[in-house]
K.L.:
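Can you keep this structure in mind? I'll have questions shortly.
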Amino acid sequence: MSSFQIRPLPKYLPLNLNYPNLELITSSTSSPPSPPLYYCHNFLSSLECDALIQAGLEGGFHPSPVVGDEPEVEGDVSALRAKPKISNARTSTTIYLDREDVPSIVKKVTELTTVQPFQCELPQVAQYLPSQKYDAHFDAFDTSTANGQAFCQNGGQRICTVLIYLNDVGRGGRTSFPHAVWREDLTQPGSNMLDGGSFTRGSRGVSVTPRKGGAVIFFPSHNTSDANGNSLGLMLDPLALHRAEDAVDVKYVSQVWIRAGEYNGVPSRRLKTAI
Ligand SMILES: O=C(O)CCC(=O)C(=O)O
Ligand SMILES: [Fe+2]
């Protein structure tokens, strides 16, 4: 058994704000509030991106699962096994890597997010061929359902997503966050920090164009309290809703979902040489 204690979080998982090229891109003063979105320009090197794509292509991608929304079993949650499902809401294909096979990437993710490596789900590489997409979803589990509670049994709630773009995507495939509000004091595009990213902003809503090596970091759940200030724990944040728009050009991403506790998973492929 691990002796890892889940540390009490402030509202959101605190990031390492000194991490190079990390920038908050959403407003912290808007009303109604924006979910916080961070962007890290050049988070992975071009070589790391190419190696991840190559690992996926050599290993063979499989349909990407979703975490089911509906409770499948009423009653005893401990008897329930979390069952990822294939859904036409998510039509990309995915490969799951072992954390030990991508040490430099796990190191970057843990340095940026201040978590332990075992809190990271298995790093994925996902491929979107033309017209493939991931419809609007939250990443976090709805812990009011038996299914959501079952997913939390291995690793707890998802507290942060690090979504890394592995190639430049000219057309389609943007990641859009309909509730996000752009930070007014950032010029867009063009500030030094952001010149590797490309963003579209509406009065409400931010879309990120995939740029090779760039990463978007956001918080699918946060610590929540009731009206009396009593903690309700890590609840899915509805404002973190997002989707991958239909790909037009082929798109590759690597997602690392971060848990509140220790996650154990089985990779779909081991690499002969670590990336
Ligand atoms: O590919 C994207 O742009 C978004 C992917 C995503 O939201 C996810 O994998 O959870
Ligand atoms: Fe997502």
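Whatever order the structure lists them in is the order used to number ligands and atoms, beginning at 1.
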K.L.:
How wide is the angle at the Fe ion (ligand 2) between OD1 of Asp139 and NE2 of His242, to the nearest 10°?
P.N.:
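With the Fe ion (ligand 2) as the vertex, the angle is close to 100°.
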K.L.:
Ligand 1 and Arg243, any nitrogen or oxygen pair closer than 3.5 angstrom?
P.N.:
no
K.L.:
With heavy atoms only and a cut-off of under 4.0 Å, state how Thr161 meets ligand 1: side chain, backbone, both or neither.
P.N.:
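Looking at Thr161 and ligand 1, no heavy atom falls under 4.0 Å.
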K.L.:
Does the pair Lys133/Asp246 count as a salt bridge with the N-to-O cut at 4.0 Å?
P.N.:
no
K.L.:
Do Arg183 and Ile25 come within less than 4.5 Å of each other through their side chains, counting heavy atoms only?
P.N.:
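Heavy-atom side-chain distance check fails, nothing below 4.5 Å.
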K.L.:
To check your reading of the model: name the closest protein heavy atom to atom 2 (C) of ligand 1, its residue, and the distance in Å.
P.N.:
Lys251 NZ, 3.2 Å
K.L.:
Using a strict cut-off of 4.0 Å, indicate which atoms of ligand 1 neighbour a heavy atom of Tyr128.
P.N.:
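Near Tyr128, meaning under 4.0 Å from one of its heavy atoms, ligand 1 has 1 (O), 2 (C), 4 (C), 5 (C).
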K.L.:
What atoms of ligand 1 come closer than 4.0 angstrom to any heavy atom of Gln255?
P.N.:
8 (C), 9 (O)
K.L.:
I'd like to check which ligand 1 atoms, numbered from 1 as shown, lie under 4.0 Å from a non-hydrogen atom of Trp257.
P.N.:
8 (C), 9 (O), 10 (O)
K.L.:
Looking only at side-chain N and O atoms, does Ser64 offer a donor or acceptor that is under 3.5 Å from a partner on Ser92?
P.N.:
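Result is yes, a qualifying pair exists.
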K.L.:
Within a distance under 4.0 Å of any heavy atom of Arg90, pick out the atoms of ligand 1 and give their elements.
P.N.:
9 (O)
K.L.:
Would you call Phe219 and Leu15 a side-chain contact if the rule is heavy atoms closer than 4.5 Å?
P.N.:
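The answer is yes; the side chains approach within 4.5 Å.
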K.L.:
Please work out which of Asp139, Val253, Thr175, Val66 has its closest non-hydrogen atom nearest to atom 3 (O) of ligand 1.
P.N.:
Thr175
K.L.:
Just let me know how Gln124 lines up against ligand 1, side chain, backbone, both or neither, with a heavy-atom cut-off below 4.0 Å.
P.N.:
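None of Gln124 does.
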K.L.:
His137 to ligand 1: N or O pair under 3.5 Å?
P.N.:
yes
K.L.:
State the SG-CD1 distance between Cys120 and Ile105, to the nearest 0.5 angstrom.
P.N.:
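Answer for the SG-CD1 pair, Cys120 versus Ile105, is 11.5 Å.
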K.L.:
Should Cys40 and Leu22 count as side-chain neighbours, where that means a heavy-atom distance under 4.5 Å?
P.N.:
yes
K.L.:
Return yes if a side-chain donor-acceptor contact under 3.5 Å exists between His137 and Asp139, otherwise no.
P.N.:
yes
K.L.:
Rounded to the nearest 0.5 Å, how far does CD of Gln127 lie from NE2 of His62?
P.N.:
12.0 Å
